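Structure record follows, encoded as structure tokens.
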Amino acid sequence: MIQVLDQKTINQIAAGEVIERPMAVVKELVENAIDAGATAVTIEIKEGGISFIRVTDNGSGIAKEEIQTAFLRHATSKIKSMEDLLSVHSLGFRGEALSSIAAVSQVELITRRPEDITGTRYEIAGGQEKAKEDVGCPEGTTFIMRNLFYNTPARRKFLKTKTTEGNYIQDLILRYCLAHAEIRFHFISDGKSKIQTSGDGQVKTNIFYNYGADVTKCIIPVQASENNMRLSGFIGKPELSRGNRTFMNYFVNGRYIKSPVITSAIEHAYKSFLMGHRYPFTALMLQIDSSFIDVNVHPTKMEVRFTNQEDVYNLFLHAIQDTLKQITLIPEVSLSSENTTKKDSPVIEKKAPEPFENTRQKKEEENQQRNIEYTKTERALSEASMLKERADWSKDSVTAEKKVDFSQTNLLKEELVSEDKPQFRIVGQVFDTYWLIEYQSELLIIDQHAAHEKVLYENLMAQLKEKDGLSQNLLAPIVITLSGREIEVLEENRTAFEKLGFRFEPFGNKDYIINGVPADFLNVASKELFLEMLDGMLGEGGRGAAEIVLERCASMACKAAVKGKQMMSYMEAEKLIGQMLQMDQPYHCPHGRPTTIAMSKYEFDKKFKRII
């Protein structure tokens, strides 16, 4: 039987569309505070915002006679007609916010306008008014929400842990800090101050506070204008990338949003600068005429739609590409004594280096020169040694046991013993990367990097199944700054990290100190490896940590493997190829790239017309 729902049920259903978790409450209240012209906003939560949320601002306040109206459905001061929907300049018209919050929680409001002598205290719970009285209070507004979903227990069951819900709120506040650097934000969780900004208007200051020094020193400013749109903010240099999109922040008219158009433009702009499945850091602000956007695509107003999406796409794409090219391309210098240039010729303006950049560049140039001289000497000695070694080695049987110190990784010191050791002969090496091998009736051409990657991966997998990885203590521990969500995931998967050989502990506030790293991967950048593992766990949508760890082993093996153009001795090559050929599936690396290509004796005979 079809029947009309009562008003109370309707209100709770509507509230659930807008207020699905504590973060949504904070989002609505903070955006109201910003729209009210606040220059200082304090957010306090308890138990992840489930039991208590307080948002206090120094904005314009609410008139006493308008308070009750503010809690009615579809009540707002932002629009008056349908036409106004096309020109909303605030963060939103909040047509459901207060009504929805009051429908599923107990709300207390204390507010005073600057022109009023006294303020007003108002209570409403489950949509029912409880109290209204005059009180003394500072100008501005304070919203207190208690016991979210107290009257809808079914919805409360879908909330995550208190820590997780609190981290959602913290991440939200971090984004407001980027979008509104002119506002002083103070975030308190369970009595502890988590975020506090100065409101000095400097986005870079807030990036430093929220993401740490390592991120801040790798960002560059972006400024661009086109078709009455203005884009500003910061992007990360190519070396500042992560394994998921958590570093990608962009804002439209001060609102943090998600847009496939903007995401695609950012990723396309970085395509030539980043490896696959790596994502950049961005903190970009787009100012656009509100008539070009529709913020009501989704009840939470997290998604927007652009009527001029091609213009938006091109603005982001070209602004980022142009900025990246300026810092990564080496400018051409003319040796001509003439001071004039053709009118049509582009003039490259040399920008002043960032702080400490002069010193860093000088040291980098000195190190590069030393490396060049060292490489020349090392290569000459290595080639002479190889010729002698090859002469000595060719006298011995290919299957003779030899002691090898393969410096690239400790894993290759785990001798694989087999009575059916493959019989092969190394013919030589070409292009310092590919080894020519006579094996049975074929000529094998083996990529030393792919082969080493395969061996490392298989040995690491076997090691993880049998025992915990060995850890090497660091003389200089690594300090990293993590977000609340990253800390939560790290602690949840501590066992998986320690099984690989990582040793770490909290180092105050949002910092962690890494004391030990996997001993089998000492030649890999330990910090990058640690963050790559963490990024994978953040972005895998609830999949098991063990499965993620195994998949990440392929990436670890790739980073640790000997590279192309990197010198290997014949002894090292013999050891590596022998191990690879003993594996069940030796002809592809963990990423699917071939380790080996082959040409049979029959094909050689045919090419040389021995077979007609």
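On a predicted model such as this, the values are computed, not experimentally measured, just so you know.
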Check your understanding: What pairs of residues pass the ring-ring contact (aromatic ring centres under 6.0 Å, His included) test when at least one of them lies in residues 210-230, not counting sequence neighbours?
Key -> Y211-F247, Y211-F281
With no hydrogens and no angle check, do the side chains of [X] and [Y] hold a donor and an acceptor under 3.5 Å apart?
{"X": "T263", "Y": "Y250", "answer": "yes"}
{"X": "T481", "Y": "D511", "answer": "yes"}
{"X": "Q196", "Y": "Y209", "answer": "no"}

With a 3.5 Å distance limit and no angle check, can you tell me whether [X] reaches the backbone of [Y] through a side-chain donor-acceptor pair?
{"X": "N206", "Y": "L178", "value": "no"}
{"X": "D535", "Y": "G243", "value": "yes"}
{"X": "D171", "Y": "G484", "value": "no"}
{"X": "N58", "Y": "E139", "value": "no"}
{"X": "N151", "Y": "A103", "value": "yes"}
{"X": "H186", "Y": "S193", "value": "no"}
{"X": "T282", "Y": "N249", "value": "yes"}
{"X": "R156", "Y": "F149", "value": "no"}
{"X": "S264", "Y": "P260", "value": "no"}
{"X": "H318", "Y": "N314", "value": "yes"}

Is the closest side-chain heavy-atom distance between [X] and [Y] below 4.5 Å?
{"X": "Y256", "Y": "F251", "answer": "yes"}
{"X": "I169", "Y": "F187", "answer": "yes"}
{"X": "F158", "Y": "E20", "answer": "no"}
{"X": "L109", "Y": "L98", "answer": "no"}
{"X": "I262", "Y": "M248", "answer": "no"}
{"X": "P22", "Y": "Y168", "answer": "no"}
{"X": "T246", "Y": "R485", "answer": "no"}
{"X": "V41", "Y": "Y176", "answer": "no"}

[X] to [Y] - nearest heavy-atom pair and separation:
{"X": "I45", "Y": "G166", "result": "CD1-CA, 4.0 Å"}
{"X": "F306", "Y": "S259", "result": "CE1-OG, 3.6 Å"}
{"X": "L482", "Y": "L534", "result": "CD2-CD2, 3.8 Å"}
{"X": "Y512", "Y": "I487", "result": "OH-CG2, 3.5 Å"}

**Study point:** Option among D116, T120, D134 that satisfies the side chain to side chain donor-acceptor pair (under 3.5 Å) test with K64
**Key:** D134
**Study point:** Residue among T42, T142, T141 satisfying side chain to side chain donor-acceptor pair (under 3.5 Å) with T56
**Key:** T142
Exercise for review: Using the six-membered ring wherever Trp is involved, compare the ring planes of F71 and Y122 and label them parallel, tilted or perpendicular (cut-offs 30° and 60°).
Suggested key: tilted
Under a 4.0 Å threshold between the charged nitrogen and the carboxylate oxygen, would [Y] count as salt-bridged to [X]?
{"X": "E486", "Y": "R242", "value": "yes"}
{"X": "E123", "Y": "K130", "value": "no"}
{"X": "R494", "Y": "E491", "value": "yes"}

Review point. Do F497 and F530 have ring centres separated by under 6.0 Å?
Key: yes
